[in-house]
Amino acid sequence: MVQSCLTSQQHSHIGVMWKTVSEACNLACDYCYYSSCGGQPGKIDKIDPAILEKFIKEYMALTNGVASFAWQGGEPLLAGLDFFKQVVFLQAKYAPKNTIISNSLQTNATLITEEWARFFKQYNFLIGVSLDGPNEINDARRVTGHGKGSFDRVMRGIDHLRNNQVDFNILTVIHQDNVGKAKELMEFYQQEGFNHVQFIPCMDFRAQEPNKPGQYLVTPKQYGQFLCEAFDIWYNDGNPNRSVRFFDNILSAYLHQEAELCIHRQTCPKTMILEQNGDAYPCDFYINDDYKLGNVGRDSLEDILNSPKYDDFLGLKPALPDKCKSCEFLKLCHGGCPRNRAWSQADETVNPDYFCESYMKVYKHGHERMERLAENIKLQWLRNHLKAGRPKPERNDFCLCGSGKKFKKCCEKFVQMV
Ligand SMILES: C[S@@+](CC[C@H](N)C(=O)[O-])C[C@H]1O[C@@H](n2cnc3c(N)ncnc32)[C@H](O)[C@@H]1O
Ligand code: SF4
Ligand code: SF4
Ligand code: SF4
């Protein structure tokens with residue numbers, strides 16, 4: 001799914017997220033950590049063409065057959081279509097043969113036209129659309145500089161995406177206006193046919209300080225309750241019919257696969273977050289001098305990736321608080337996000353993620369149903385395996401589901417059901 005605010009990584013390559021126009025935006029959502037422009041973008045600072053080319057050239061030379069770019073904002077469409085045409089031109093120019101190039105773009109969708117949508121389809125962009133729910137919920141906070149709601153314009157943008165069969169997903173910020181409305185949100189996604197959805201708890205941008213834990217505008221209790229209610233609807237009697245990124249990632253762990261969303265992984269992925277001016281950081285939550293890796297316009301990519309600050313950053317997540325080390329859900333959570341740790345003011349000891357209580361609650365709430373879902377999927381895998389004419393595993397072989405157990409102790413029990 002779209003890489004939106006949190007980082008996703010499915011391969012061992014290095015993904016890039018670039019803030020295309022710095023903080024410039026045509027909206028002024030009231031909670032936005034970038035809404036300094038107040039919805040009146042004025043002069044747009046785009047990525048310098050020379051930096052863009054230098055970076056794409058060096059990055060393509062380092063990619064291992066997979067190159068992934070995520071275009072973020074402010075509002076990235078303010079860079080204009082010609083900018084993105086240049087991007088795909090440079091990608092094609094410098095990509096080694098057989099490189100898989102992926103582009104995702106996170107947008108408020110209000111500026112999407114047929115022309116944009118055709119371009120996204122042609123180059124296979126995956127689009128993340130921000131939408132906080134039905135009209136009245138979305139328009140309370142996602143507004144123009146004059147306070148006018150964005151819902152109708154967003155839905156028009158989505159229509160263009162649909163008309164052109166562009167892949168998109170919905171990113172919903174969870175704040176005080178929708179945290180008690182999981183059912184309403186899930187029904188809205190159902191009605192609109194939004195099949196890929198992600199939630200992000202709302203940060204309090206006024207209270208953020210460098211190298212201090214993030215502060216949020218929903219409580220762990222509220223967020224946990226929200227996730228449980230959303231889970232019940234998502235589960236759909238054992239037949240989930242839409243992808244909710246948080247639940248998909250938990251299910252991956254039950255299927256012995258590595259999660260793709262950073263907060264569920266054992267370590268933070270090696271990603272580069274680039275400011276519009278080329279400054280490079282390892283994560284959107286660590287944009288400060290202590291973690292600045294360099295500048296892709298001035299420094300070589302090799303030097304940036306080998307920066308000792310990268311290792312410092314990558315060491316953060318595995319340094320687990322004691323509570324996590326003995327947590328029954330460690331495999332699902334791996335301690336969440338290090339930026340959310342040390343929540344308590346008594347900062348001598350490291351505390352778990354601010355949302356620990358929310359995670360625990362939903363992990364417990366969903367555990368039995370997740371186990372059942374995973375068992376059904378494993379049965380299906382075995383069925384497909386045998387249907388494809390492949391041999392039944394020997395009893396002492398490692399099980400094909402990836403559990404690391406012997407077949408006789410794992411999926412052999414399904415053989416009679418196949
Ligand atoms: C900063 S925006 C940039 C891209 C584009 N303008 C958009 O709205 O999708 C990226 C995402 O961050 C979310 N976001 C903004 N402020 C936030 C906050 N304080 N807490 C959590 N998410 C936030 C937005 O809703 C959006 O989904
Ligand atoms: S549209 Fe995106 S960047 Fe603009 S104010 Fe809203 S969340 Fe922020
Ligand atoms: S649920 Fe809480 S204690 Fe368990 S691993 Fe996650 S953050 Fe740590
Ligand atoms: S610190 Fe790690 S877990 Fe947290 S947002 Fe960044 S990459 Fe994800």
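One is the number of the first residue; the rest follow in order along the sequence.
Comment: Lys361 does not engage Glu357 in a salt bridge, judged by the lack of any side-chain N to carboxylate O separation of less than 4.0 angstrom. By the 4.0 Å N-to-carboxylate-O rule, Asp132 lies too far from Arg141 to be salt-bridged with it. Between Arg369 and Asp232 there is a salt bridge, since a side-chain N of the basic residue sits under 4.0 Å from a carboxylate O of the acidic one.
Here the closest non-hydrogen pair linking Ala117 and Val166 is O-CG2, 3.4 Å. The two residues Pro338 and Leu316 have their closest heavy-atom pair at CB-CB, 3.9 Å. Summarising the geometry of His334 relative to Arg341, their closest heavy-atom pair is O-NH2, 3.9 Å, with the distance given to 0.1 Å.
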Step-by-step ring pair (Phe, Tyr, Trp, His ring centres under 6.0 Å) determination, Phe329 to His264: CA-CA 11 Å; Phe329 299 114; His264 299 273; over 10 Å; no
Worked check of side chain to side chain contact (heavy atoms under 4.5 Å, CB included) between Val21 and Gln276: CA-CA 6 Å; Val21 289; Gln276 168 266 336; 5.8 Å; no
Step-by-step side chain to side chain contact (heavy atoms under 4.5 Å, CB included) determination, Met186 to Val244: CA-CA 10 Å; Met186 294 297 279; Val244 172; 4.0 Å; yes
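Side-chain contact between Leu81 and Thr113 is absent, with no heavy-atom pair separated by less than 4.5 Å. Within the 4.5 Å cutoff, no side-chain heavy atoms of Leu255 are placed close to those of Ser403. Put simply, the side chain of Val129 does not reach to within 4.5 Å of the side chain of Phe194, judged on heavy atoms. Proximity of Phe168 to Arg162: side-chain heavy atoms (C-beta onward) are separated by under 4.5 Å at one or more points. Inter-residue side-chain proximity for Phe84 and Leu105 is flagged as met; some heavy-atom pair is nearer than 4.5 Å. Counting heavy atoms from C-beta on, the side chains of Tyr94 and Glu53 come closer than 4.5 Å. Between Met370 and Phe247, some side-chain heavy-atom pair lies under the 4.5 Å cut-off. Taking 4.5 Å as the limit, every side-chain heavy atom of Ile377 sits out of range of all side-chain heavy atoms of Tyr254.
Judged purely by distance below 3.5 Å, without hydrogens or angles, the side chains of Glu75 and Asn108 pair a donor atom with an acceptor atom. One side chain, Asn384 or Gln380, offers a donor N or O that lies under 3.5 Å from an acceptor on the other. There is no side-chain donor-acceptor pair under 3.5 Å between Glu187 and Gln191. With 3.5 Å as the limit, one finds no donor-acceptor pair spanning the side chains of Glu275 and Ser22. Side chains of Thr110 and Asn26: a donor-acceptor N/O pair is present below 3.5 angstrom, by distance only. With no hydrogens or angles considered, no side-chain donor-acceptor pair links Lys405 and His256 at under 3.5 Å. Defined by atom type and a distance below 3.5 Å, a donor-acceptor pair is missing between the side-chain atoms of Asp284 and Tyr33.
Put simply, the residue from Thr20, Thr107, Asn103 that forms a side-chain hydrogen bond (donor to acceptor under 3.5 Å, both in side chains) with Trp71 is Asn103.
Classified by interplanar angle (parallel below 30°, tilted 30° to 60°, perpendicular above 60°), the ring pair Phe355/Tyr359 is tilted.
Among residues two or more places apart in sequence or in another chain, the side chain to side chain donor-acceptor pair (under 3.5 Å) test is passed with Gln86 by none. For Asp299, the salt bridge (charged side-chain N to carboxylate O under 4.0 Å, His left out) test picks out no residue, with sequence neighbours left out.
Two rings, from Phe199 and Phe226, have their centers less than 6.0 Å apart.
Here the side chain of Asn169 pairs no donor or acceptor atom with the backbone of Asn195 at under 3.5 angstrom.
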